[in-house]
Amino acid sequence: MGYNIGIRLIEDFLARSGVGRCSDFRETAEVISKVGFKMFLGVSPTVAKWSPDSKEFSLLIDENPLAEFVELPDNVRGDLFYSNILCGVIRGALEMVQMQVETSFVTCSLKGDERTEIRVRLMKFLDEEVPVEDD
């Protein structure tokens, strides 16, 4: 969920932000947090919990704007991550800039956790493909 939004959102992000190509995955994480989230959601998550190989990090969101004014019914509280669309948006956007990632929710403020945590793991850098020429 959200993947197709991310594919389209990256174009708007690159046009409006003026951000160039990131040099490494750490810089990508900072740009997602400080520029992307701020631009589209008005919040700046904290980048934390880096893996030793610098291929995995967490985005810690203290105030999730998608969760404001939302209450989950008790029967779905354990199964539903209401803001899961954010995972798909991140995955789709990064794929368009040649990074295949896995994203998942770790904690959610709607489930009573202190903050929302999204885990992002770099699977591989994708090769840039040139479109096939029409003859």
Side-chain angles (χ1 to χ4, degrees):
M1 190 162 70
Y3 176 79
N4 288 328
I5 295 171
I7 288 173
R8 288 169 179 77
L9 206 61
I10 189 68
E11 292 177 21
D12 187 40
F13 170 78
L14 293 173
R16 290 176 41 196
S17 70
V19 173
R21 184 177 291 270
C22 295
S23 60
D24 59 15
F25 197 52
R26 282 187 175 270
E27 184 181 353
T28 301
E30 290 299 323
V31 169
I32 291 169
S33 172
K34 305 294 186 264
V35 183
F37 268 80
K38 188 70 171 174
M39 182 184 294
F40 294 109
L41 293 175
V43 296
S44 293
T46 304
V47 178
K49 300 183 181 181
W50 278 97
S51 64
D53 61 359
S54 295
K55 291 187 175 188
E56 192 170 353
F57 66 90
S58 288
L59 292 169
L60 306 175
I61 308 169
D62 291 322
E63 293 182 28
N64 182 353
L66 297 182
E68 288 182 27
F69 310 112
V70 174
E71 290 183 27
L72 291 179
D74 290 336
N75 63 331
V76 296
R77 189 173 293 266
D79 301 328
L80 179 67
F81 284 103
Y82 184 77
S83 301
N84 200 38
I85 194 167
L86 295 174
C87 290
V89 169
I90 293 168
R91 191 172 66 87
L94 289 179
E95 191 169 303
M96 292 294 98
V97 290
Q98 278 63 50
M99 290 182 219
Q100 182 181 10
V101 298
E102 283 184 355
T103 55
S104 60
F105 263 84
V106 179
T107 60
C108 180
S109 58
L110 283 175
K111 294 184 175 195
D113 297 316
E114 184 178 331
R115 64 177 67 144
T116 299
E117 179 179 347
I118 299 173
R119 195 76 180 151
V120 181
R121 179 186 334 189
L122 176 66
M123 302 308 292
K124 66 180 179 178
F125 288 102
L126 302 171
D127 295 328
E128 288 194 42
E129 295 182 14
V130 179
V132 176
E133 293 183 69
D134 291 332
D135 289 333

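Note that this is a predicted model, so its numbers are computed, not measured. Only heavy atoms go into these numbers, but all of them, side chains included; no hydrogens, no water, no symmetry mates.
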Close side-chain approach of [X] and [Y], heavy atoms under 4.5 Å:
X	Y	result
T46	L59	no
C22	V31	yes
R121	K55	no
P45	F37	yes

Is [Y] reachable from [X] through a run of I, L, V, M, F, W or Y residues, each pair having side-chain heavy atoms under 4.5 Å apart?
X	Y	result
I61	I5	yes
V35	I32	yes
L126	I10	no
I85	I7	yes

* Please say whether more than 12 non-hydrogen atoms of neighbouring residues, nucleotides or ligands are located less than 6.0 Å from CG in D24. =>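 It does: D24 CG has more than 12 such atoms within range.
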
* Asked: So, do F25 and F125 have ring centers that fall under 6.0 Å from each other?
  ->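 No, too far apart.
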
* To do: Keeping the roles fixed (side chain from S44, backbone from K38), state whether a donor-acceptor pair exists under 3.5 Å.
  =>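 Absent.
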
* **Under 3.5 Å: donor-acceptor pair, side chain of S54, backbone of W50** =>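 Not at all, since once roles are kept as given, no pair shorter than 3.5 Å links the two residues.
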
* Name all residues meeting the ring-ring contact (aromatic ring centres under 6.0 Å, His included) criterion together with F13; count only those two or more places apart in sequence or in a different chain, and write none if there are none. =>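 Result, ring-ring contact (aromatic ring centres under 6.0 Å, His included) vs F13: none returned.
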
* Could you tell me which residues satisfy side-chain hydrogen bond (donor to acceptor under 3.5 Å, both in side chains) with D53, sequence neighbours excluded, listed by chain and number? =>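 Per chain and number, D53 pairs via side-chain hydrogen bond (donor to acceptor under 3.5 Å, both in side chains) with S51.
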
* To do: Indicate whether the side chain of R119 and that of S58 have a donor and an acceptor atom separated by less than 3.5 Å.
  =>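 There is such a pair between these side chains.
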
* To do: Begin from the C-alpha positions of K49 and E117 and carry the test salt bridge (charged side-chain N to carboxylate O under 4.0 Å, His left out) through to its verdict.
  => CA-CA 10 Å; K49 300 183 181 181; E117 179 179 347; 3.0 Å; yes

* Going through the checks in order, is the side-chain contact (heavy atoms from CB on, under 4.5 Å) test met by E30 and V47? -> CA-CA 7 Å; E30 290 299 323; V47 178; 3.6 Å; yes

* Looking at R26, R21, E27, which hits side-chain hydrogen bond (donor to acceptor under 3.5 Å, both in side chains) with S23? ->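 The side-chain hydrogen bond (donor to acceptor under 3.5 Å, both in side chains) with S23 is passed solely by E27 among R26, R21, E27.
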
Contacts table for residues 88-103: side-chain donor-acceptor under 3.5 angstrom, sequence neighbours left out:
unit_1	atom_1	unit_2	atom_2	d
E95	OE1	Y3	OH	3.4
E95	OE2	Y3	OH	2.6
T103	OG1	C87	O	2.9

